[in-house]
Amino acid sequence: MKARLRRMVVLLLPLFGLLSGCWDRIELNDLLLVTALALDIEEGQVVTTVQYLLPRSQSTASSSGGSSSSGSKQSSVRMSKGSNVADALSKLQRKLPRKLFWGQCKVFILGEELARSGIREEVDFLIRHPQPRERSYLFVSKGKAADILEVFPPLERTSADVLRELSDMRIGYHVTLQELNMMLKGESRAAALPFIRLLPPPKAAESTQTIAYIQGSAIIRKDRMIGKLSDKVSQGMLWILNEVKDFTVTFPIGESKKRVSISPIKASTRLIPTIRGDQWQMTIRVKAKGNMVENDTNWSPMNEQLLRQMDQAFEQEIKRYIELAASDVQQRLKTDVLGFGTAFYRKYPKHWEWVKNRWDEQFQHVKVVVEVDAQIKRTGNVSNPGGLPEEEIKRR
């Protein structure tokens with residue numbers, strides 16, 4: 001009996017240890033919730049700026065339904081310098097009474113000067129650190145990245161929330177930390193990041209009452225920013241990369257140059273590489289279907305012939321975006337951020353071995369052929385152009 005009792009005690013001892021509590025736990029009141037990290041370079045040192053939620057503002061926001069007002073700031077920023085990101089953040093932690101918590105940080109911003117000098121060390125830190133999420137969004141800012149975090153938007157809690165919402169809505173190009181790492185290790189070793197700048201505040205508002213918005217893309221070769229793409233060229237790049245989600249195409253019709261606007265509801269892009277002798281060719285095949293959201297012309301889309309002409313104009317406009325992007329990236333930037341290298345590598349691995357060490361040069365000579373099949377599926381709530389007398393409507 002005693003032997004059996006001793007065996008039970010031995011078996012139960014580990015359980016008592018588990019019930020003793022989490023000895024290494026950290027209370028929520030001891031954490032500082034970081035919402036965004038901005039990285040800049042100054043006099044050869046890395047400048048880290050963190051944006052974090054103010055604890056008193058969190059309780060205020062929850063009691064008021066999460067609304068934000070200019071009178072009560074819900075976030076603050078703090079910065080520090082160091083020889084690298086880890087060193088700067090270590091020095092920053094000494095200035096804060098709470099431990100930095102990165103689980104809620106979904107936005108990383110790289111300053112333009114830092115991006116041009118090289119981002120390999122910064123990307124290595126963000127990927128290697130166990131707390132930052134790999135699905136966090138990355139941006140390159142006009143000027144200093146810290147300036148983006150020092151504004152207080154009127155609608156969202158923080159400027160980080162604004163950038164996260166824009167990325168979730170697919171406003172412009174969006175890239176996560178994981179995607180950037182994969183692109184820089186890919187066949188082309190090139191990437192594009194959304195380029196952001198501050199929107200000028202309204203006249204009646206304070207200088208800090210504004211938001212950052214996405215305007216074009218920053219092009220990264222290996223680990224350095226080498227140039228930018230305009231908004232229009234970036235939209236063409238999105239078509240090529242099969243990333244078009246919510247985009248309105250507006251194009252002229254007929255001699256009057258009146259315009260029709262189509263909002264794509266479904267779009268898909270295929271890259272079809274071919275090699276014939278010394279000629280490398282990339283066929284970009286696009287299929288798009290959209291709804292007519294505005295018709296400034298006097299053309300009636302009820303006529304099949306006129307509707308087909310609208311479809312053709314729709315196709316030509318998409319083709320123009322794509323050709324503009326391909327030309328700009330191939331001839332001006334000479335950097336493959338379009339995924340051509342990966343497509344050739346997968347289909348022609350032996351040919352790729354011949355050119356992989358000089359792909360930037362070969363990329364410039366790839367012939368691009370664009371094939372677009374676009375259709376207007378719905379014409380809206382009215383059949384004929386709104387606001388026009390019947391006698392002015394063109395039906396054939």
Side-chain angles (χ1 to χ4, degrees), residues 120 123 127 134-135 138 170 173-194 217-224 226-227 229 233-245 247 264 266-289 315-375:
R120 189 192 65 80
V123 171
I127 290 291
E134 292 186 349
R135 293 187 178 181
L138 273 90
R170 302 298 180 94
Y173 193 44
H174 79 287
V175 178
T176 65
L177 178 60
Q178 183 181 27
E179 290 169 342
L180 174 64
N181 186 45
M182 294 297 292
M183 286 188 285
L184 293 180
K185 293 192 302 183
E187 304 303 328
S188 303
R189 298 186 65 188
L193 292 175
S217 306
I219 303 303
I220 309 293
R221 179 192 293 167
K222 295 184 179 178
D223 73 329
R224 298 176 184 270
I226 61 168
L229 299 181
V233 175
S234 294
Q235 290 296 343
M237 181 183 68
L238 291 180
W239 281 102
I240 298 174
L241 296 175
N242 198 25
E243 291 286 342
V244 172
K245 300 299 180 183
F247 179 56
K266 186 176 181 181
S268 62
T269 302
R270 286 182 58 203
L271 297 182
I272 306 173
T274 54
I275 299 178
R276 295 186 178 92
D278 295 333
Q279 180 63 63
W280 291 45
Q281 176 177 302
M282 181 62 71
T283 301
I284 304 173
R285 187 167 295 167
V286 178
K287 289 187 177 181
K289 298 177 182 179
E315 293 172 351
Q316 289 300 314
E317 187 66 10
I318 295 175
K319 185 176 181 180
R320 188 175 70 85
Y321 272 100
I322 294 174
E323 290 178 341
L324 179 64
S327 176
D328 195 34
V329 171
Q330 279 186 294
Q331 306 306 322
R332 182 174 67 89
L333 296 176
K334 301 177 175 61
T335 301
D336 179 17
V337 293
L338 306 178
F340 287 8
T342 301
F344 277 109
Y345 166 71
R346 289 175 177 173
K347 188 173 181 180
Y348 300 100
K350 293 183 179 179
H351 292 74
W352 177 257
E353 290 295 322
W354 303 340
V355 301
K356 67 178 183 180
N357 294 326
R358 54 181 182 87
W359 174 242
D360 287 341
E361 177 185 351
Q362 179 68 25
F363 172 67
Q364 304 171 43
H365 303 291
V366 174
K367 181 181 179 181
V368 175
V369 177
V370 183
E371 300 176 356
V372 181
D373 178 14
Q375 295 179 335

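In this chain, numbering begins with 1 at the start of the sequence shown.
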side-chain contact (heavy atoms from CB on, under 4.5 Å) between K347 and T274, worked out:
CA-CA 8 Å; K347 188 173 181 180; T274 54; 4.3 Å; yes

Run the numbers on K185 and N181 for side-chain contact (heavy atoms from CB on, under 4.5 Å), then give the verdict.
CA-CA 6 Å; K185 293 192 302 183; N181 186 45; 3.7 Å; yes

For M183 and V175, run side-chain contact (heavy atoms from CB on, under 4.5 Å): C-alpha distance rounded to whole Å, both residues' side-chain angles, the deciding distance at 0.1 Å, then the answer.
CA-CA 10 Å; M183 286 188 285; V175 178; 3.6 Å; yes

Trace of the side-chain contact (heavy atoms from CB on, under 4.5 Å) decision for I322 with I318:
CA-CA 6 Å; I322 294 174; I318 295 175; 4.0 Å; yes

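Taken from CD1 in I127 to CD in Q178, the straight-line distance is 7.5 Å, to the nearest 0.5 Å. Here the CD-CZ distance, from E371 to R285, works out to 4.5 Å after rounding to the nearest 0.5 Å. Going from atom CG of L184 over to atom CZ of R189 covers 8.5 Å, rounded to the nearest 0.5 Å. If you take CH2 on W354 and CD on Q362, they are separated by 11.0 Å, rounding to the nearest 0.5 Å. One distance of note links NZ of K367 with OG1 of T283; it measures 9.0 Å at 0.5 Å rounding. Here the CD atom belonging to Q316 is positioned 14.0 Å from the OH atom belonging to Y321, to the nearest 0.5 angstrom.
The shortest distance between side-chain heavy atoms of M282 and F344 falls below 4.5 Å. No side-chain heavy atom of F247 sits under 4.5 Å from any side-chain heavy atom of L238. Two residues are said to be in side-chain contact when any heavy atoms from C-beta on lie closer than 4.5 Å; L333 and L229 meet this criterion. Inter-residue side-chain proximity for E315 and K319 is flagged as unmet; no heavy-atom pair is nearer than 4.5 Å. When side chains are defined from C-beta on, I284 counts as touching F340, because their heavy atoms get closer than 4.5 Å. Residues V123 and L180 form a side-chain contact, since some pair of their non-hydrogen atoms from C-beta on lies under 4.5 Å apart. V329 has its side chain out of reach of M237: every pair of non-hydrogen atoms, C-beta onward, lies at least 4.5 Å apart. The shortest side-chain heavy-atom distance between R221 and D360 falls under the 4.5 Å cut-off.
V337 and L241 get closest at one heavy-atom pair: O-CD2, 3.7 Å. Annotation for Y173 and A192: closest pair CE2-O, 3.1 Å, computed over non-hydrogen atoms. Nearest heavy-atom pair, A190 versus D336, reported as atom, atom and distance to 0.1 Å: CB-O, 3.4 Å. Nearest heavy-atom pair across R170 and E243 is NH1-OE1, 3.6 Å. Nearest heavy-atom pair, E134 versus T176, reported as atom, atom and distance to 0.1 Å: O-CB, 3.7 Å. Scanning all heavy atoms of the two residues, the minimum distance from L338 to L271 falls at O-CD1, 3.7 Å.
Counted within 6.0 Å of NZ on K334, heavy atoms from surrounding residues, nucleotides or ligands total more than 12; the atom is thus considered enclosed. By the 6.0 Å contact criterion, CZ on R120 is open, its count of non-hydrogen atoms from other residues, nucleotides or ligands being 12 or less.
Checked for salt-bridge contact, R320 and E317 meet the test: a charged N lies under 4.0 Å from a carboxylate O.
Checking side-chain atoms of Q330 against main-chain N and O of V366 turns up a donor-acceptor pair under 3.5 Å. At distances below 3.5 Å, not a single donor-acceptor pair connects side-chain atoms of D373 with backbone N or O atoms of K287.
The closest side-chain donor-acceptor pair between W359 and E187, if any, does not fall under 3.5 angstrom.
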